[in-house]
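This report refers to the structure that appears directly beneath it.
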There are 2 protein chains.
Amino acid sequence: MNHHDKDLDQVFFALADTTRRGILSQLINGKSTIGKISQPYSMSAPAISKHLRILERANLIKRSKIGRQHHCELTTAGLKTAEDWLQFHREFWKTRLDALDALLGKSDPKGR
Amino acid sequence: MNHHDKDLDQVFFALADTTRRGILSQLINGKSTIGKISQPYSMSAPAISKHLRILERANLIKRSKIGRQHHCELTTAGLKTAEDWLQFHREFWKTRLDALDALLGKSDPKGR
DNA sequence: ATAAAGCTTAACCAATCGGTTAAGCGTTGT
DNA sequence: ACAACGCTTAACCGATTGGTTAAGCTTTAT
């Protein structure tokens, strides 16, 4: 398993949880404190803290401290890793499906 | 947690494993028997069978039987689910980052 | 100086994961 | 008829997950 595989494992793993995806959705609106982030969830602070660590490990967010408040904001690296894998695969995949359609004589292979 | 969340959980979970991603990569070359699929892996047949069930549950592949051979092929639904989520989020995200760049007076907000 | 706020770390728990071996089941070859 | 093939299901195992509570640590407020 090479370096890239581990990155992909961590990113997809991080995204495979509703709470973590919810946190990312929140952060689209900009940097936020951890207190605010946890507000919608009926979950203890340590639980949120763990989710954030997983998102951080996957390079989906980064954290910073101002006074006693900890802040989180989005990072592009993680999402790019995931998107690259998906797009690469879906492109090849689609090509094959188009070829199959052509072979079967379908009328509009592009119009799927 | 709504229906869509469960779908996303299952797709991202399925993709968060090197073996399972490897299987998908193989299947880009077209439909294949399960025997052939397991060949590159030093893993028992039941282990592969489990991975395939997880990929199936996520609508990433579908299985069929011809005689005593079981075949697998790719499906578009699962990958589309994942890509839609990612693209939606990266779009919003990028917009915000561009806005931030503009605010900071960077020269080429599109050229990232 | 002390208390409270805002979070993290540590220790623990049940449930799930990724693998195993053993057994089963339909299909094919002899 | 029966053995081998191709794969799945069942039962089991240690490790990891997602949550908990209790304790700790730094910063702010009184």
Side-chain angles (χ1 to χ4, degrees), chain A residues 1-2 5-27 30-58 60-74 78, chain B residues 1-2 5-27 30-58 60-74 78:
Chain A
M1 181 162 87
N2 62 36
D5 277 341
K6 197 179 291 184
D7 283 356
L8 285 165
D9 281 1
Q10 289 180 344
V11 172
F12 284 128
F13 174 80
L15 294 177
D17 181 279
T18 307
T19 301
R20 289 194 290 267
R21 286 195 307 276
I23 290 172
L24 293 177
S25 294
Q26 277 190 69
L27 290 176
K31 191 188 271 194
S32 172
T33 72
I34 292 184
K36 268 192 202 165
I37 289 169
S38 26
Q39 204 157 319
Y41 304 100
S42 51
M43 205 180 288
S44 67
I48 296 289
S49 193
K50 280 185 181 184
H51 282 307
L52 293 176
R53 195 151 19 115
I54 288 168
L55 290 169
E56 197 179 19
R57 188 183 64 181
L60 287 162
I61 64 167
K62 69 178 175 190
R63 293 148 116 166
S64 50
K65 257 178 78 176
I66 300 178
R68 68 183 160 185
Q69 301 209 122
H70 298 221
H71 293 251
C72 286
E73 68 188 301
L74 295 175
Chain B
M1 183 162 88
N2 63 35
D5 277 340
K6 199 178 288 182
D7 283 355
L8 285 165
D9 281 1
Q10 289 179 345
V11 173
F12 284 128
F13 174 80
L15 294 177
D17 181 279
T18 307
T19 302
R20 288 194 291 266
R21 287 195 308 275
I23 291 173
L24 294 177
S25 294
Q26 278 190 70
L27 289 177
K31 192 188 272 195
S32 172
T33 71
I34 292 183
K36 267 193 203 164
I37 290 170
S38 26
Q39 206 158 317
Y41 303 101
S42 52
M43 205 180 286
S44 66
I48 296 289
S49 193
K50 280 185 181 184
H51 282 306
L52 293 176
R53 195 149 21 113
I54 288 168
L55 290 169
E56 198 180 17
R57 188 182 63 182
L60 287 162
I61 64 168
K62 69 177 175 192
R63 295 149 115 166
S64 51
K65 258 177 75 175
I66 300 178
R68 67 183 160 188
Q69 301 208 122
H70 298 222
H71 293 252
C72 286
E73 67 187 303
L74 295 175

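Quick note: numbers below take in every heavy atom, side chains included, and nothing from hydrogens, waters or symmetry partners. Here is the naming used below: chain letters follow the sequence lines, and residue numbers restart at 1 for every chain.
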In short, A:R21 meets A:L15 closest at the heavy-atom pair NH1-O, 2.7 Å
Send over the distance from A:H71 NE2 to C:dT8 P, rounded to a whole Å.
-> 12 Å
Would B:L27 and B:L60 satisfy side chain to side chain contact (heavy atoms under 4.5 Å, CB included), going step by step from the backbone distance to the final call?
-> CA-CA 10 Å; B:L27 289 177; B:L60 287 162; over 6 Å; no
Gap between atoms CD1 and C1', on A:I61 and C:dC7 respectively (whole Å) = 14 Å
Residue pairs meeting salt bridge (charged side-chain N to carboxylate O under 4.0 Å, His left out), one or both in residues 36-49 of chain B, sequence neighbours left out, come to none
Looking only at heavy atoms, what is the nearest atom pair of A:A58 and A:V11, with distance?
-> O-CG2, 3.5 Å
Using atom CD1 of A:I48 as one end and atom P of D:dG18 as the other, report the distance to the nearest whole Å.
-> 12 Å
Contacts under 3.5 Å, N or O only, protein and nucleotides 16-18 of chain C:
{"from": "C:dG18", "atom 1": "OP1", "to": "B:R20", "atom 2": "NH2", "distance (Å)": "3.2"}
{"from": "C:dG18", "atom 1": "OP2", "to": "B:R20", "atom 2": "NH1", "distance (Å)": "3.4"}

Side-chain donor-acceptor pairs of residues 62-71 of chain B under 3.5 Å, sequence neighbours excluded:
{"from": "B:R63", "atom 1": "NH1", "to": "B:E56", "atom 2": "OE1", "distance (Å)": "2.8"}

Can you check the B:Q39 CD to D:dC7 C1' distance for me, whole Å?
-> 15 Å
For D:dG19, does OP1 or OP2 lie under 4.0 Å from any side-chain N or O of A:S44?
-> no
Would you indicate what A:T19 reaches in the nucleic acid, counting non-hydrogen atoms under 4.0 angstrom: base, sugar-phosphate, or nothing?
-> nothing
Could you check how far CD of B:Q69 sits from C1' of D:dA4, rounded to whole Å?
-> 14 Å
Give the rounded distance in Å between these two atoms: CZ of B:R53 and P of D:dT8.
-> 9 Å
Check: protein-nucleotides 27-30 of chain D nitrogen or oxygen pairs below 3.5 Å:
{"from": "D:dT27", "atom 1": "O3'", "to": "A:R68", "atom 2": "N", "distance (Å)": "3.4"}

Side chain to side chain donor-acceptor pair (under 3.5 Å) against B:T33, all qualifying residues, sequence neighbours excluded = none
For the pair made of NE2 in B:H70 and P in C:dG24, what is the distance, rounded to whole Å?
-> 18 Å
So which heavy atom on B:F13 is nearest to which on A:A16, and how close?
-> N-CB, 3.3 Å
Between D:dC7 and B:S49, is there an OP1 or OP2 to side-chain N/O distance shorter than 4.0 Å?
-> no
A:P46 side chain: which of D:dC7, C:dA10, D:dT9 is closest?
-> C:dA10
Identify every side-chain donor-acceptor pair in residues 39-51 of chain B under 3.5 Å, counting partners at least two apart or on other chains, and give the distances.
{"from": "B:Y41", "atom 1": "OH", "to": "B:I23", "atom 2": "N", "distance (Å)": "3.4"}
{"from": "B:S44", "atom 1": "OG", "to": "B:A47", "atom 2": "N", "distance (Å)": "3.4"}
{"from": "B:H51", "atom 1": "ND1", "to": "B:R20", "atom 2": "NH1", "distance (Å)": "3.1"}

Minimum heavy-atom distance between A:K31 and A:E73, given as atom pair plus value | CE-OE2, 3.2 Å
Protein-nucleotide distance (B:I34, atom CD1; D:dT9, atom C1'), rounded to Å | 14 Å
